Every structure is written in C-alpha cells, then in structure tokens.
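We name chains A, B, ... by the order of the sequence lines, and we start the count at 1 in each one. All values derive from a computational prediction rather than experimental measurement. The figures that follow rest on heavy atoms only: side chains count, while hydrogens, waters and symmetry mates do not.
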Amino acid sequence: MNIILVALGGGAGSAARYLLGLWIKNHTKERAIPTAMLLVNLLGSLGLGLFFGLVYGAIPLITEADWPFMLVGLGFFGAFTTFSTFSVEAAVLLQKRKRGPLAAYLMLSIAGSILMFLAGFTLSG
Amino acid sequence: MKSPDRHWIVIIFIFTGGALGTLLRYTINVQTSLLLFPWGTLLENLAGSLLLGFLTGYILKRTIQPHFKEGIGVGFCGGFTTMSTLAADTVFLAETGSAASTMVYIFSSMFGGMFLALAGMTLGSLAAGRGIKEKGEGQR
C-alpha cells in the first residue's frame, strides 16, 4: 500500500515541478542565479512545513508514518522539491567562477528552504 | 514547436521516472530510519547529484531523445533527491541532535552535492567524448 502512495505522490510531485518550472521560466527574465528550481524548492519546503504542522504538529519519523505522510510528505513534497538540480546549477556557477552569484545561490537555496520549512511549520503548528 | 502529444509523452516519462526515484528514496529511508543522523537523505542527495551531473555532461556532447532525458533527469534524479526533506531533517536534527551534527549535515549536503555534480559532469563529458572518438575512428 505504501509503495503505491509513494509512487503516486512522487510521480505527481515530479510532474508538478516540471510544469511549474516551465511556467516560471516563461514568465521571468534570465538572472545571474537560476530562479525556477530555487522558487520551486522554497515553495515546496514551505508546503512540507505547513503539512507537518497542520497534520502532525511535529516532524514525524518514517517508522511512525501513516498514509498522508507517504502520499503527501515523502511522495509529493519530497519529489516536488529537488536537490540534484540545485547541485548541478551550483556546479555550473562554480565552473564559470561566478563567486558572488554562487554564494547567493547556495545561501538562498539551503538557508532559504530551511527557513521556509520552519515558517510553514511554525505558522500552522 | 513541440506538438501537444509530444509534450504529454514527456510528462508521462517524468511522472514514471519521478515515481521510481521516489520509491528508491522511500526504500533507502526505511532502511536508515532508526539512525540518529539522516544518512539516507544525504546519500540520496549526493548520489542523485552525481547522476544528474553525469547526464548533464553527457548530453552536452551527445543527444538523447527528450523524453528519456527528462524522464531520467527531471523525473528520476529529481524525485530521488529532495530539498524539503533536507529542510525538515535539519530542523529535526537541530532540535534533537547537536549543533555540530546539524552543521555537518548541511555542509556535507551542500558542498558534497556541488562537487559530486561537477565530477559527474566531467565523467559524463568524458564518457560521451570517448564514444564519439571511437565512432569517428571506425568510420575512417
């Protein structure tokens, strides 16, 4: 049962990330730092924080997880946000020796996602 | 311009790749759930960064059909790795673990991911370049 929920949530989250990413790319101009997946990651981290706060009032462990955790938490929000694209975009900035944009991109992505999660979690918890 | 049905094929491949990547992430997380440090998510994010780096380096020199490229990159690598769980792990670790382990988690994810992606890009480019050379020599 868990396997089906995780696969459905993960598939839907990945497709939603792709479509929202395309939409952002079409509606924003190109900047020194890549913005599409940055915005998706910030939004998804906020969403996971809201979800955990609203439904559990805590950060649940996978061992005590129920079906909404599998479908929405691990599946949808887990796959809606991504780390591999962040790494490749950071590596490209490093390769081009764009130090300022790289530092900003690392901070905005990592600290930003943590803060957005915390904001969602605190607001709803 | 991309026809609407081609677009749907890409989305189906991304959905499938994302479902498979997420299933693999789930399998690893279940195996590592009782540990005090989020080894599972760290491993997934680092391995996924290496793989997407490889794919990125490879397609700079060789063309792959778009639905396979997006299915593996956007779908599988994207679904296998995660930023929202990293954020949740960090907050959980900061509350229950030490400040040092929280910092180790953040920095090994961030710099480890970036350098593995770079290594993957180099390896992918080499793998694609070697193939092209061999093919070229064969034609001569």
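Neither the backbone nor the side chain of A:A16 comes within less than 4.5 Å of any heavy atom of chain B. With a 4.5 angstrom heavy-atom cutoff, B:L118 touches chain A via backbone and side-chain atoms both. When heavy atoms are compared at a cutoff of 4.5 Å, A:L8 approaches chain B by way of both its backbone and its side chain. Both the backbone and the side chain of A:L106 come within less than 4.5 Å of a heavy atom of chain B. Residue A:L115 does not touch chain B at all, counting heavy-atom pairs closer than 4.5 Å. With a 4.5 Å cut-off on non-hydrogen atoms, B:F13 does not touch chain A at all. Heavy-atom distances place no part of A:F80 under 4.5 Å from chain B, backbone and side chain included. Interface remark: A:L48 contributes side-chain atoms only to the contact with chain B (heavy atom separation under 4.5 Å). Using a 4.5 Å cut-off between heavy atoms, A:L61 touches chain B through its side chain atoms alone. Using a 4.5 Å cut-off between heavy atoms, A:L94 touches chain B through its side chain atoms alone. A:L43 does not touch chain B: none of its heavy atoms, backbone or side chain, sits under 4.5 Å away.
When side chains are defined from C-beta on, B:M121 counts as touching A:V92, because their heavy atoms get closer than 4.5 Å. Taking the side chain as every heavy atom from C-beta outward, A:E89 and B:T56 never approach each other to under 4.5 Å. Looking at A:R17 and B:I14, their side chains never come closer than 4.5 Å, going by heavy atoms from C-beta outward.
Of residues 42-55 of chain B, those residues lying under 4.5 Å from chain A by any heavy-atom pair are B:N45, B:G48, B:S49, B:L52, B:G53. Residues of residues 89-101 of chain B having a heavy atom under 4.5 Å from any heavy atom of chain A, listed by number: B:T90, B:V91, B:F92.
Judged by distance alone, the side chain of A:S87 and the main-chain N or O of B:A117 form no donor-acceptor pair under 3.5 Å.
Every residue meeting the ring-ring contact (aromatic ring centres under 6.0 Å, His included) condition with A:F117, not counting sequence neighbours, appears here in chain and number order: A:F121. For B:Y26, there are no ring-ring contact (aromatic ring centres under 6.0 Å, His included) partners two or more places apart in sequence or in a different chain.
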